[in-house]
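Report on the structure given below.
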Amino acid sequence: MSIGKYIPSKIEPKWQKRWEESNLYSTDLSKPNKYYVLAEFTYPSGDLHMGHWFTFSGADIFARYKRLNSFNVFFPNGFDAFGLPAENAAIKRGIHPQDWTLANIERMKQQFATMGASFSFDHEVITCLPEYYKWNQWIFLQMLKRGLAYKGKYLSNWCSKCQTVLANEAVEAGACWRCGTEVVQKEIDQWFFKITEYADRLIWPEKPDVDWPKSLRDAQNIWIGRSAGALVKFDGLEVFTTRPDTLFGATFVVVSPEHPLLKQLTEANEQQKVEDYVAAAKKKSELERKENKDKSGVFTGSFVKNPMTGEEIPVWVADYVLPGYGTGAIMAVPAHDQRDFEFAKKFGLEIKQVIKAGGPAALTQAYEGDGVLINSGEYDGLSIEEAKKVITDFLASKRIGSQMIYYHLHDWSISRQRYWGTPIPVIYCEKCGTVPVPEEDLPVKLPYDVDYAPSGKPPLATNEDWLNVKCPKCGGEAKRDAETMDTFVDSSWYFFRYLDPKFDIAPFDKELAQKIMPVDIYFGGAEHNLGHTLYSRFFTKIFHDLGLTDIEEYALRRINHGIVLGPDGQKMSKSRGNVVNPDEEVKKYGADAVRIHMAFFMPYEGSSGPWISERVWGPYRFLERVWNLFDKVTGDQPQAKDLLMMNRAIKKVGQDIEGIRFNTAVAALMEWLNYLSGREKVSREEYKTFLQLLAPFAPHMTEELWEMMGEKYSIHEQPWPKFEEKHLEEEEATVAVSVNGKVRDQLVIGKDIASDSKVVENKAKESQKVQKFLEGKEIKKVVYIPVKIINFVTD
RNA sequence: GCCGCGGUGGUGGAAUGGUAUACACGAAGGACUUAAAAUCCUUUGGCCUUUGGUCUUGUGGGUUCGAGUCCCACCCGCGGCACCA
């Protein structure tokens with residue numbers, strides 16, 4: 001029996017077609033034993049890139065493995081189709097954003113098909129379709145009803161080129177992450193989601209019920225940044241402090257250059273200096289201000305009274321105090337805060353110690369721990385924790401302070417002055433004011449004909465027919481809200497919509513969600529640690545509170561995947577010219593080889609590594625050898641050693657896929673193949689098992705060989721091989737013999753005597769190589785770790 | 001500056017505190033071939049007096065019978081950020 005040459009291009013399209021025609025991967029959600037595999041859906045930018053391949057091929061390996069382990073796997077895919085790039089590209093090329101986006105989706109779906117992934121594509125979600133964004137609007141209205149959506153003014157990051165507000169996450173080095181234009185601060189009217197009301201519930205507990213990376217949880221907790229402290233009045237000036245216990249050590253006050261009371265506080269003779277300073281601070285980009293290590297600042301000329309000591313202390317203005325946090329003013333305690341300390345030293349301000357630490361710690365180190373108060377009048381001797389409470393109570397009783405909790409997290413601004421997004425379902429009537437669009441009128445469809453080029457007014461306002469409506473309340477003249485929602489709204493709940501993308505009674509079917517949610521495993525990038533994954537958790541809790549679902553966390557396990565770098569080890573980018581196109585790799589090596597290299601060339605989770613195209617020949621040759629092994633298959637029975645190798649591979653590959661260690665799973669298959677290749681003949685059982693273990697990684701080739709073996713379609717529906725413990729036991733054991741920790745010899749002994757330390761010790765002593773190092777020495781100790789190593793310790 | 005992750009051959013990378021360098025790439029040599037490619041086989045961490053020995057996981061200490069792995073200090077790289085009062 002002789003097999004032809006392995007030619008991926010002859011195999012792959014054929015099976016992709018067959019799988020689709022036979023609905024091999026469609027999921028019947030009514031069946032039991034569900035397993036929901038989710039990978040962050042794709043922005044339809046035009047072409048699938050290596051990052052998409054890495055994410056989805058890994059997720060697909062996992063999905064296939066679970067399916068073979070008799071889970072009813074749900075592995076949907078879709079497109080995060082609203083967003084700025086569509087609009088920018090459209091403006092640049094004169095194509096309508098909708099046409100551009102839908103064409104890209106078609107193209108990318110074809111590219112996805114070449115991957116041979118086992119998507120449940122009959123559950124596709126595309127966020128720019130009215131059947132999806134209708135429910136963004138519905139959710140908005142529910143939030144509006146409950147006061148969770150509100151309109152406010154806000155000092156926002158503003159990109160003058162994109163004519164739009166940017167989220168904090170979208171500002172890179174003080175510039176717009178899309179176009180690079182410097183971001184300025186501008187006060188804007190916009191809609192907010194009140195995520196701060198959920199701040200406490202979004203904080204991760206020490207030991208959560210779900211398996212999310214600790215680094216992600218820590219990052220989110222820090223981002224939420226709950227700090228409990230006190231609001232304290234220094235005369236009319238309010239400051240926020242987390243350390244009211246150090247109030248006696250507050251020797252000056254610092255306000256931010258943006259502080260509204262700064263003008264009032266500035267004395268006439270200092271006015272010029274202060275104005276110059278404020279002007280200089282405003283010129284600094286946010287990044288410069290952050291990285292500025294030299295403290296700068298000027299005296300305002302005025303004084304306020306320390307409410308505890310009654311002393312008049314100076315008020316300074318400095319840009320190390322930020323306007324966006326607390327009250328934009330601080331009390332400085334230079335003895336116990338590093339920044340205040342540096343500032344005081346530079347400008348010769350008073351430093352007064354009020355906490356005494358146990359040891360001879362530097363002043364500022366007395367900040368934390370088990371210190372007690374000194375120089376604090378009647379509070380001397382109190383512990384830090386006691387003092388915080390007692391002093392805050394005292395301030396409250398005198399109405400010059402109160403307990404206060406601040407969060408770093410601020411409410412989520414969702415309004416965008418853009419075209420390509422979900423219209424905000426609100427109508428403004430001169431008589432009735434802000435009127436929500438009635439639910440029965442949803443969706444508010446995005447009009448096709450607008451002038452979407454940036455002009456300073458929202459693109460939707462350029463379509464008068466759409467803009468002007470009758471007020472739903474009074475029937476009078478009214479106008480729609482012409483802004484659209486942040487696209488993070490779309491991606492905050494798409495995994496619920498996947499369950500039934502056509503469901504038209506609610507965003508999703510509660511009963512179905514009860515069955516299928518939460519997501520069992522969610523593959524995505526660490527760049528979404530603070531944005532998307534946090535917003536999704538927020539939405540899930542809102543759905544919970546709306547009675548739409550019982551769950552509070554939407555994914556049981558989160559995998560942060562690695563990053564595929566260019567061959568030069570740098571991030572792939574057009575400007576660097578190091579972008580590798582996956583289509584070309586597939587053309588050269590076939591999808592199966594590319595998939596295996598993806599799995600093999602670096603750890604999947606949290607890593608980053610260079611894609612060096614020539615190296616895909618390795619996995620390609622590996623597949624070729626598997627292919628050619630077909631000719632060696634006979635009806636013989638495998639021997640004990642053969643069974644050992646096979647069962648080892650079954651165990652290792654399964655455990656490694658489960659643990660998202662695809663690289664070592666592939667290595668285990670290579671090792672087994674090396675063993676099989678060294679033999680004259682290979683049993684049918686071994687070869688079949690090999691194909692089954694390889695199937696999640698190389699679905700096309702294994703399907704082809706499976707068919708050539710005369711097995712029934714499809715290999716992707718066979719139960720995953722089970723290993724048997726009895727075959728994993730070796731008759732002979734190898735024990736390393738070491739003297740003083742250095743290995744000197746190997747001992748091959750029968751399994752039956754390996755547990756007897758005395759026997760092993762005597763055997764070990766017989767070794768000439770070992771004797772050489774024991775000669776003339778006294779053995780002080782013998783340590784035997786069964787079936788691994790025996791160590792002689794000498795003097 | 002703070003937080004997180006990492007530093008292992010020429011390269012990508014393996015190693016529940018128990019034989020460091022699995023697996024692969026690259027390289028060298030050989031077989032086959034008129035020749036080349038492909039394929040197959042062998043070798044491949046450094047050093048030395050080479051059937052052996054010795055050193056080696058960023059640097060310096062420590063714990064341990066035994067450390068790439070645990071602890072302390074430092075250096076370097078990558079990612080993230082909030083001078084957060």
Side-chain angles (χ1 to χ4, degrees), chain A residues 5 168-169 213-216 218-219 221-223 225-227 229-230 232 239-243 246 250 253-254 256 286-287 289-293 295 318-322 324-333 336-340 342-343 406-409 526-527 529-530 560 563 565 569 571 596-597 600-603 606-612 614-619 621-622 624-625 628 661 663-671 673-674 677-678 734-747 769 772 780-794:
Chain A
K5 208 169 142 54
N168 272 345
E169 295 91 3
K214 187 171 188 310
S215 57
L216 181 154
D218 288 348
N221 282 353
I222 291 167
W223 185 254
R226 181 186 202 274
S227 46
V232 185
V239 307
F240 174 65
T241 178
T242 54
R243 297 299 305 271
T246 62
V253 165
V254 187
S256 68
E286 202 170 316
L287 188 78
R289 203 159 146 178
K290 271 185 222 160
E291 288 188 345
N292 182 16
K293 280 161 203 162
K295 292 284 173 294
D319 64 8
Y320 80 94
V321 175
L322 300 176
Y325 189 80
T327 60
I330 62 155
M331 61 176 214
V333 185
H336 305 293
D337 180 278
Q338 189 64 34
R339 289 150 300 154
D340 299 345
E342 284 168 21
F343 194 83
Y406 269 105
Y407 296 93
H408 166 259
L409 183 74
E527 70 272 21
N529 281 0
L530 299 179
N560 276 358
I563 300 164
L565 305 173
K571 244 184 192 154
I596 288 180
H597 192 59
F600 181 63
F601 87 108
M602 69 169 176
S607 216
S608 67
W611 182 271
I612 301 164
E614 295 70 44
R615 291 203 177 172
V616 189
W617 285 121
R621 282 198 288 259
F622 164 69
E624 217 171 26
R625 290 172 64 208
N628 292 332
R661 294 181 297 269
N663 54 336
T664 51
V666 173
L669 285 169
M670 287 172 167
E671 262 175 279
L673 178 69
N674 287 343
S677 304
T734 307
V735 175
V737 185
S738 67
V739 180
N740 294 325
K742 287 198 169 139
V743 175
R744 299 301 176 182
D745 201 5
Q746 313 284 324
L747 217 55
K769 290 176 185 169
K772 217 162 87 181
K780 288 186 137 175
K781 194 173 174 182
V782 181
V783 181
Y784 178 52
I785 307 297
V787 210
K788 274 191 181 151
I789 194 165
I790 184 164
N791 189 23
F792 293 99
V793 186
T794 70

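Residue numbers begin at 1 in each chain, while the letters A, B, ... track the order of the sequences. All values below were derived from every heavy atom in this structure, side-chain atoms included, with hydrogens, water molecules and symmetry-related copies excluded. The structure presented is a predicted model; accordingly, all values stated were derived computationally and were not measured.
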What is the distance, to the nearest angstrom, from the [atom1] atom on [X] to the [atom2] atom on [N]?
{"X": "A:Glu671", "N": "B:G13", "atom1": "CD", "atom2": "C1'", "value": "14 Å"}
{"X": "A:His336", "N": "B:C83", "atom1": "NE2", "atom2": "P", "value": "23 Å"}
{"X": "A:Ile596", "N": "B:C23", "atom1": "CD1", "atom2": "P", "value": "17 Å"}
{"X": "A:His408", "N": "B:C83", "atom1": "NE2", "atom2": "C1'", "value": "12 Å"}

Select from A:Ser677 and A:Ala736 the residue whose nearest nucleotide in RNA chain B is closer to the 5' end of that strand. A:Ala736
Please compare A:Pro619 and A:Ile330 by the position of their nearest nucleotide in RNA chain B and report the one closer to 5'. A:Pro619
Across the strands shown, which category fits [X] at heavy-atom distances under 4.0 angstrom: base, sugar-phosphate, nothing?
{"X": "A:Phe240", "value": "base"}
{"X": "A:Gly326", "value": "nothing"}
{"X": "A:Tyr406", "value": "nothing"}
{"X": "A:Lys772", "value": "sugar-phosphate"}
{"X": "A:Arg744", "value": "sugar-phosphate"}
{"X": "A:Glu614", "value": "nothing"}
{"X": "A:Val793", "value": "sugar-phosphate"}

Just confirming the chi classification of B:G53, syn or anti, using 90° around 0 as the syn window. anti
Anti or syn - B:U63, cut at 90° from 0: anti
Can you see if the side chain of A:Asn674 gets near the phosphate of B:A24 - specifically, an N or O under 4.0 Å from OP1 or OP2? yes
OP1 or OP2 of B:C23 sitting under 4.0 Å from any side-chain N/O of A:Arg621? no
Distance, nearest 0.5 Å, that separates CE of A:Met602 from CD1 of A:Ile563: 8.0 Å
From A:Leu669 CG over to A:Asn674 CG, what is the distance, rounded to the nearest 0.5 angstrom? 11.0 Å
Only one of A:Ile789, A:Val793, A:Ile790, A:Val783 forms a side chain to side chain contact (heavy atoms under 4.5 Å, CB included) with A:Ser738, so which one is it? A:Ile789
Opposite nucleotide pairing with B:U42, Watson-Crick or G-U, both atom distances under 3.5 Å: B:A28
Any idea which of [options] is nearest the [X] side chain?
{"X": "A:Glu624", "options": "B:U39, B:G18, B:C3", "value": "B:U39"}
{"X": "A:Val783", "options": "B:G18, B:U19, B:C83", "value": "B:G18"}
{"X": "A:Pro603", "options": "B:U11, B:C65, B:A14", "value": "B:A14"}
{"X": "A:Thr734", "options": "B:U19, B:A24, B:A82", "value": "B:U19"}
{"X": "A:Met670", "options": "B:G12, B:A24, B:C81", "value": "B:A24"}

